[in-house]
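Below is one structure, written out as structure tokens; the observations come after it.
Here is the naming used below: chain letters follow the sequence lines, and residue numbers restart at 1 for every chain. Quick note: numbers below take in every heavy atom, side chains included, and nothing from hydrogens, waters or symmetry partners.
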Amino acid sequence: MSDGQHSKFTFAQFESLRKYSTTNPLRVIAHIDLDAFYAQCETVRLGLDPNVPLACQQWQGLIAVNYAARKFGISRHETITEARKKCPGLVLAHVATWKEGDAKWDYHDNPDIATHKVSLDPYRRQSQLIFKIFYDSCGKVEYGGLDEAFLDLSMLVYEKACAEYSKLAALLYLKQEEGRMNDFMPLPEISQEGLTWDGELVPLDPDKDTPDRAVDWDDVLFMLGSKIIKGVRNKVRYELKYTCSAGIAQNRVLGKLCSAYKKPNNQTILRHDAVRRFIATLNFSKIRGLGGKLGHEISRHFSVPEDGSIPFLLQISLQDFVLALGDETGNWLYNIIRGRDASDVKPRTEIKSMLSAKNFRPNIVTYQQAEKWLRIFVADIMGRILEFGNSTPGGAIRIPKTLVLHHRHANAGSSSRQIAIPACQSSNLEDTLFHTAKVLYRQIEKEKEGSMYPCYQMSMAVSGFDSTVSRNHAIEGFLVKSATKFEDVEESVEREITQETSVAKSSPSKKGSIDEFLGREQQLSNNCYVDAGLNCQDTADGKTASAIGDSSKSDSDIDSFVCSDCAKRIKFEDAEEHQDWHFALSVAKKFRQEKEHQSQPSVPPPISQNEKRDTAVKRKAGNSVCNGPSSKGPKLEKGQRKLFG
DNA sequence: TAGCTCTAT
DNA sequence: CGATAGAGCTA
């Protein structure tokens with residue numbers, strides 16, 4: 001390393017990577033974004049080549065357009081007619097729908113907006129599989145929607161660096177012994193050419209782009225991060241057939257901006273020395289949180305040029321921002337346009353709420369219609385609670401505690417009501433939800449003094465899922481009951497999982513991708529079914545009712561049985577599909593358990609213990625602001641911000 | 001807690 | 001655009 005030169009970073013800062021400190025200048029954050037996700041899902045489901053132009057259709061509109069189709073100038077928010085004109089070969093895949101009266105969503109050929117409702121469950125399923133890969137490679141993953149995630153790679157790159165640079169590890173150990181962790185590190189003994197980047201580099205600031213620019217540890221860690229992300233993306237691509245784009249940077253906001261830099265199927269690294277220049281090129285409305293009203297208000301108030309110039313905004317003083325926007329938002333904005341964001345990657349695993357909604361094309365005009373839709377909402381949400389809700393450690397489903405109903409009149413305003421869901425057992429949940437929804441509907445009706453129609457939209461949402469540890473007694477009751485009456489639940493869950501893994505092993509990667517989707521690829525679902533049939537019992541007398549024509553079932557339900565896994569009555573003809581569904585469910589369940597396992601802040605203690613606060617950020621000017629107690633940033637990076645006045 | 005608003009994909 | 005999710009503000 002060069003004479004007299006040392007790293008910009010201290011050993012303490014490096015060491016604190018293990019603690020995921022949000023103010024650590026060395027931290028490495030990645031954002032991963034699936035390319036035109038819904039469209040890719042449909043391509044995979046239909047077993048098509050990704051080069052086939054395809055768009056995901058919802059009624060007469062497009063909600064996702066794959067990159068092949070974008071070459072024809074097709075974008076979202078076009079009608080299918082317009083799109084087809086631009087590209088006659090365009091494949092239009094309509095999203096799955098529920099048909100009124102059906103027990104489950106399906107892919108219907110020409111769904112009628114008047115009688116069907118969209119289901120995004122197929123995408124949720126694929127999303128779960130993809131997130132599983134994320135979690136397997138990084139313990140700290142934030143869910144950013146079905147198709148995007150933030151990964152905090154700090155600990156991983158720390159470990160990788162220690163493993164790959166033995167000198168560093170030795171030195172680190174020494175410094176700890178000596179209690180000299182605040183010493184600056186030596187520069188890594190690597191030349192610019194010695195760095196092997198996976199992905200695209202954002203060009204450096206011109207003034208920093210000197211030929212003899214020394215490599216520092218931030219570069220090394222980003223390089224390691226780029227390798228990790230490349231590996232993750234490869235897994236997603238080769239195991240699940242999805243491409244995605246990623247950004248690697250020092251915080252969430254930059255990571256996200258970065259993942260959009262090179263769009264389909266690529267990843268971009270934003271080194272520290274490239275941040276200023278990179279940000280300067282952006283329209284500030286691209287920054288997360290500035291795309292909406294707040295951004296517009298800022299533009300108006302400060303007369304920001306059309307292009308959303310960030311250099312323009314950089315000239316505005318912190319005081320002016322605070323004056324106009326208040327303390328928190330003002331500080332946040334001041335820092336964010338300088339690329340500073342100390343928000344944490346929140347390991348978010350559990351879904352907090354579920355919403356089922358429908359816009360009524362022809363507005364509905366009678367209570368009978370409304371009730372039919374309520375029924376569908378309930379079925380939809382019930383299915384999602386079972387498949388995507390979080391199960392308790394014991395394997396029982398989590399029961400939400402509030403239910404919200406929204407009603408929008410076509411002309412008059414909208415209103416919503418919410419209420420606690422009465423205590424119930426898993427087996428009663430669907431009925432309970434339906435009943436409660438009707439109660440809410442009546443309440444709204446009362447409030448509106450009967451003038452409910454024409455109704456333009458309704459939605460139903462559940463929230464308040466048991467957060468982790470505290471247990472719902474109703475669930476325990478259910479658990480115990482099932483266990484004694486039928487069999488040990490844990491055991492059945494285990495068997496389910498065992499089947500699933502053996503299945504996965506015995507048929508590694510299957511041929512036709514058409515059915516490979518929805519867990520439907522299992523011819524083994526036959527095997528799976530026969531075994532799992534043991535789990536499907538008639539609630540009335542505990543008798544086994546297998547799909548293979550068990551004649552001993554009760555007369556009242558000759559063509560159906562109650563699945564004890566989900567307490568639903570299933571027609572025999574639907575049994576196979578139902579088992580496939582449970583298969584997907586078991587994958588999800590296993591996935592979640594692993595997640596819970598991983599999300600324990602597993603900070604291994606290889607080296608230090610006596611470490612105190614990480615001294616972090618040695619930035620100039622805005623520094624005190626950036627790290628000031630009130631301006632923690634994360635509070636503000638999402639949701640509503642106080643607007644002027 | 002209830003109801004609404006804002007943001008985002 | 002439409003379906004969905006998360007979070008903040010206010011009373």
Give the nucleotide from the list [options] with an atom nearest to the side chain of [X].
| X | options | result |
| --- | --- | --- |
| A:Asp147 | C:dA5, C:dG2, B:dT9 | B:dT9 |
| A:Tyr456 | C:dT4, B:dA8, C:dG2 | C:dG2 |
| A:Met354 | C:dA5, B:dA2, C:dG2 | C:dA5 |
| A:Lys293 | B:dT7, C:dG2, C:dA3 | B:dT7 |
| A:Arg384 | C:dA5, B:dG3, C:dA3 | C:dA5 |
| A:Arg288 | B:dA2, C:dT4, B:dA8 | B:dA8 |
| A:Ser415 | C:dT4, B:dC4, C:dG2 | B:dC4 |
| A:Asp380 | C:dG6, C:dT4, B:dA8 | C:dT4 |
| A:Leu294 | B:dT7, C:dG2, B:dA8 | B:dT7 |
| A:Gln418 | C:dA3, B:dG3, C:dG6 | B:dG3 |

Atom-to-atom span, [atom1] of [X] to [atom2] of [N] - whole angstrom:
| X | N | atom1 | atom2 | result |
| --- | --- | --- | --- | --- |
| A:Asn363 | C:dG2 | CG | P | 12 Å |
| A:Leu403 | B:dA2 | CG | P | 11 Å |
| A:Ile376 | C:dT4 | CD1 | P | 12 Å |
| A:Met458 | C:dT4 | CE | P | 13 Å |
| A:Lys346 | C:dA7 | NZ | C1' | 10 Å |
| A:Asn359 | C:dG2 | CG | P | 6 Å |
| A:Ile381 | C:dA5 | CD1 | P | 8 Å |
| A:His116 | C:dA3 | NE2 | P | 14 Å |

Closer to the 5' end of DNA chain C via nearest nucleotide, is it A:Leu62 or A:Lys352?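 Nearer the 5' end of the strand: A:Leu62.
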Please tell me which of A:Ser353 and A:Lys358 maps to the more 5' nucleotide of DNA chain C, matching each residue to the nucleotide holding its nearest heavy atom. A:Lys358
How about A:Phe321 and A:Trp332: are their ring centroids closer than 6.0 Å?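 Ring centroids of A:Phe321 and A:Trp332 are no less than 6.0 Å from each other.
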Considering just the side-chain nitrogens and oxygens of [X], establish if one lies under 4.0 Å of OP1 or OP2 belonging to [N].
| X | N | value |
| --- | --- | --- |
| A:Ser416 | B:dC4 | yes |
| A:Lys117 | C:dT4 | yes |
| A:Arg417 | B:dA2 | no |

How would you label the contact of [X] with the nucleic acid (heavy atoms, under 4.0 Å): base, sugar-phosphate, or nothing?
| X | answer |
| --- | --- |
| A:Arg361 | nothing |
| A:Leu120 | sugar-phosphate |
| A:Glu148 | sugar-phosphate |
| A:Gly292 | sugar-phosphate |
| A:Ser356 | sugar-phosphate |
| A:Gly291 | sugar-phosphate |
| A:Arg76 | base |

Just checking, any donor-acceptor pair under 3.5 angstrom between side chains of [X] and [Y]?
| X | Y | answer |
| --- | --- | --- |
| A:Asp307 | A:Ser309 | no |
| A:Gln250 | A:Arg27 | no |
| A:Gln126 | A:Tyr242 | yes |

Would you check if A:Tyr143 and A:Pro347 make a side-chain contact, meaning some heavy-atom pair closer than 4.5 Å? no
Donor-acceptor contacts, no H, no angles, side chain residues 31-40 of chain A, under 3.5 Å, sequence neighbours left out:
unit_1  : atom_1 : unit_2   : atom_2 : d
A:His31 : ND1    : A:Ser259 : OG     : 2.8
A:His31 : NE2    : A:Glu148 : OE1    : 2.6
A:Asp33 : OD2    : A:Lys263 : NZ     : 3.3
A:Asp35 : OD1    : A:Ser245 : OG     : 2.8
A:Asp35 : OD2    : A:Thr243 : OG1    : 2.8
A:Asp35 : OD2    : A:Cys244 : N      : 3.4
A:Asp35 : OD2    : A:Asn265 : N      : 2.8
A:Gln40 : OE1    : A:Thr243 : N      : 2.8
A:Gln40 : NE2    : A:Asp35  : O      : 2.7
A:Gln40 : NE2    : A:Thr243 : O      : 2.8

Mind listing the side-chain donor-acceptor pairs of residues 411-420 of chain A below 3.5 Å, one per line with the distance, residues two or more places apart or on another chain?
unit_1   : atom_1 : unit_2   : atom_2 : d
A:Ser414 : OG     : A:Arg408 : NH1    : 3.2
A:Arg417 : NE     : A:Glu447 : OE1    : 3.4
A:Arg417 : NH1    : A:Gln443 : OE1    : 3.1

